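What follows is a short report on a single structure.
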Amino acid sequence: MTIDLTDTTTGAIYEALTEARRRLGGPALGMVLTLIVETSEDAQYDAMRSANQAGREHPCRVLGVITRRPKAPSRLDAEIRVGETGPGETILLRLYGPVGQHTDSVLAPLLVPDVPVVTWWPEQAPEVPSQSPLGALAQRRVTDAASGDNPQGVLADLAEVYKPGDSDFAWTRVTPWRTLLAATLDVPHPPIVRAEILAERDNPSGDMLAGWLSVRLGVPVRRGDSGGPGITDVRFETLHGHIAISRHDGRTATLSKTGEPDRRVALHRRDQAELLAEELRRLDPDDVYGESLAWLFSDARTDDDPESPESDTFILSGRSAVAEQAIADQRLAQQVEAGAPEPGVVDAAAAEAMNADEGETAVESEQEVSGQ
């Protein structure tokens with residue numbers, strides 16, 4: 001069922017949605033979340049289709065938001081779809097004029113009560129997702145750095161303003177790689193000395209994978225360029241040979257180890273709907289993403305060839321003792337801010353108390369000896 005409303009209000013939209021649900025014989029909502037999609041007119045078809053496909057796995061109310069003609073008179077148009085594309089509900093809103101500056105106020109009455117809210121930007125993300133009008137409504141905020149003209153620059157900007165609950169498709173795309181790498185390195189293997197990742201030059205997922213491996217393995221990781229598609233090679237140098245995973249067709253990877261026969265592994269590239277469905281499976285903050293993103297743009301990063309301005313390759317040093325000490329100092333500062341005593345103070349107090357106890361024991365022992 002499709003309902004078109006022109007120059008309407010949120011109250012009229014809610015009433016039309018309730019009536020449509022009643023006609024279809026489904027008075028109960030049965031929604032597990034609200035998905036907000038802020039998009040453009042050109043990209044709305046693909047974005048809403050991906051949202052509806054993800055909704056088959058996660059029944060939700062999808063609220064598409066398109067802001068048009070900021071200088072036009074205020075107007076709100078709505079297209080409501082119920083019972084056609086999936087188990088959820090879809091509302092596509094077009095906001096004209098000044099009303100487009102208050103999208104959060106327009107959407108607030110349409111959110112499903114008492115369920116999480118996820119905001120997704122399939123195109124250009126706001127400068128600070130957590131502080132944008134639609135991002136402030138959500139527990140999870142999903143962006144896509146690869147959709148911009150400068151993916152690495154977008155990732156760097158996102159790292160500066162990161163807040164728990166943020167995520168990016170550049171990270172979601174490496175989930176199959178991370179799964180395969182974890183399974184590969186979970187079996188006994190020689191100590192790893194260094195690693196290298198090859199991907200397309202402007203591929204932010206290759207950067208994120210380099211950050212994750214550098215944090216987890218604690219070894220230098222070089223990020224190099226390849227012809228694609230996407231990430232093509234992950235190589236490890238060990239004390240007794242090499243471990244490598246190569247994927248040059250975007251579908252199947254080859255796992256090779258020194259002294260063992262090669263093996264073929266399925267590793268296909270996923271579409272937008274699959275990426276969104278994965279993001280909707282997790283509604284709590286992704287701490288591993290935040291840690292990898294911060295490390296990617298930390299002082300651990302150095303240019304591979306600083307004399308060549310055309311090269312975007314870099315090296316991430318493994319976590320050294322200096323880096324570990326910096327992390328420990330940061331945790332200590334957080335404990336002090338929370339009112340917890342510093343470990344040094346606690347140790348000094350404990351030592352003083354112990355010395356006092358030992359002194360009292362010694363005096364008592366001398367008195368016992370003299371009394372005898």
Side-chain angles (χ1 to χ4, degrees), residues 1-69 72-100 102-122 133-140 142 271-281 283:
M1 178 183 296
T2 301
I3 303 173
D4 292 323
L5 300 176
T6 304
D7 196 7
T8 186
T9 64
T10 54
I13 295 173
Y14 189 83
E15 291 178 1
L17 188 62
T18 303
E19 178 63 19
R21 192 165 55 244
R22 185 189 66 81
R23 290 182 180 179
L24 293 174
L29 289 179
M31 307 294 173
V32 299
L33 59 90
T34 300
L35 174 61
I36 301 174
V37 184
E38 187 171 15
T39 182
S40 65
E41 195 67 57
D42 293 337
Q44 64 90 8
Y45 177 80
D46 291 334
M48 299 303 288
R49 183 179 61 179
S50 297
N52 288 322
Q53 289 178 359
R56 298 180 183 276
E57 181 178 338
H58 311 275
C60 59
R61 177 176 292 171
V62 181
L63 301 177
V65 181
I66 302 174
T67 303
R68 302 185 62 184
R69 293 160 48 188
S74 291
R75 195 180 85 200
L76 173 63
D77 296 343
E79 181 181 332
I80 304 173
R81 303 171 189 169
V82 181
E84 290 186 352
T85 57
E89 304 166 342
T90 301
I91 306 175
L92 182 60
L93 304 173
R94 292 180 172 86
L95 292 76
Y96 297 81
V99 71
H102 305 281
T103 53
D104 53 339
S105 299
V106 175
L107 265 64
L110 300 176
L111 302 179
V112 179
D114 303 324
V115 298
V117 179
V118 179
T119 300
W120 172 41
W121 293 272
L134 297 184
L137 295 174
Q139 288 80 26
R140 294 278 276 114
V142 184
D271 59 19
Q272 194 176 62
E274 292 178 286
L275 299 175
L276 182 59
E278 178 185 329
E279 285 294 336
L280 298 182
R281 293 186 197 116
L283 299 177

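Residue numbers start at 1 and run along the sequence shown. The model shown is predicted, which means the values in this text are computed figures rather than measured ones.
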Gln44 side, atom CD; Ile66 side, atom CD1 - distance, nearest 0.5 Å: 4.5 Å
Return yes if some donor-acceptor pair links the side-chain N/O of Glu274 with the main-chain N/O of Asp271 below 3.5 Å, else return no. yes
Sub-4.5 Å side-chain heavy-atom contact between Gln272 and Arg49: no
For the residue pair Leu76 and Thr9, establish whether any side-chain heavy-atom pair is separated by less than 4.5 Å. no
Show your reasoning for whether side chain to side chain contact (heavy atoms under 4.5 Å, CB included) applies to Val142 and Thr119. CA-CA 6 Å; Val142 184; Thr119 300; over 6 Å; no
Nearest heavy-atom contact between Val99 and Arg75 is CG1-O, 3.5 Å
Minimum side-chain heavy-atom gap Leu5-Ile13 below 4.5 Å: yes
Answer yes or no: is there a donor N or O on one side and an acceptor on the other, between the side chain of His58 and the main chain of Leu33, under 3.5 Å? no
If you round to the nearest 0.5 Å, how far is CD of Glu89 from OG1 of Thr18? 8.5 Å
If you look at every heavy atom in Val106 and Leu95, which pair is closest and at what distance? CG2-CD2, 4.0 Å
Show your working on salt bridge (Lys or Arg N to Asp or Glu O under 4.0 Å) between Glu41 and Arg68 and close with a plain yes or no. CA-CA 8 Å; Glu41 195 67 57; Arg68 302 185 62 184; 3.5 Å; yes
Identify the residue among Leu92, Leu17, Leu93, Thr2 that makes a side chain to side chain contact (heavy atoms under 4.5 Å, CB included) with Ile80. Leu17
Say you draw a straight line from CG of Leu110 to OG1 of Thr34; how long is it, rounded to the nearest 0.5 Å? 9.5 Å
Which heavy atom of Pro122 sits nearest a heavy atom of Glu38, and at what distance? CD-O, 3.3 Å
Would you check if there is a donor-acceptor pair between the side chains of Asn52 and Thr90 at a distance under 3.5 Å? yes
For a quick test of reading the model, state the closest non-hydrogen atom pair linking Trp120 to Leu35 and the distance between them. CB-CD1, 4.2 Å
Within this structure, what is the CG-CD distance for the pair Leu276 and Glu279, rounded to the nearest 0.5 Å? 8.0 Å
Worked check of side chain to side chain contact (heavy atoms under 4.5 Å, CB included) between Asp77 and Tyr96: CA-CA 8 Å; Asp77 296 343; Tyr96 297 81; 3.5 Å; yes
For the residue pair Val62 and Met48, establish whether any side-chain heavy-atom pair is separated by less than 4.5 Å. yes
Separation between CZ of Arg81 and CD1 of Ile3, rounded to the nearest 0.5 Å: 12.5 Å
Checking Thr6 against Asp4 for the side chain to side chain contact (heavy atoms under 4.5 Å, CB included) test, could you report, in this order, the C-alpha distance in whole Å, the side-chain angles of both residues, the deciding distance, and whether it holds? CA-CA 7 Å; Thr6 304; Asp4 292 323; 5.6 Å; no
Measure the CG-CG distance between Asp104 and Leu137 for me, rounded to the nearest 0.5 Å. 5.5 Å
Before giving the answer on side chain to side chain contact (heavy atoms under 4.5 Å, CB included), spell out for Leu280 and Val32 the whole-Å C-alpha distance, their side-chain angles and the decisive distance to 0.1 Å. CA-CA 10 Å; Leu280 298 182; Val32 299; over 6 Å; no
If you compare all heavy atoms of Ala273 against all heavy atoms of Gln53, which two are closest, and at what distance to 0.1 Å? CB-OE1, 3.0 Å
Residues Thr103 and Pro133: closest non-hydrogen pair is OG1-CB, 3.8 Å
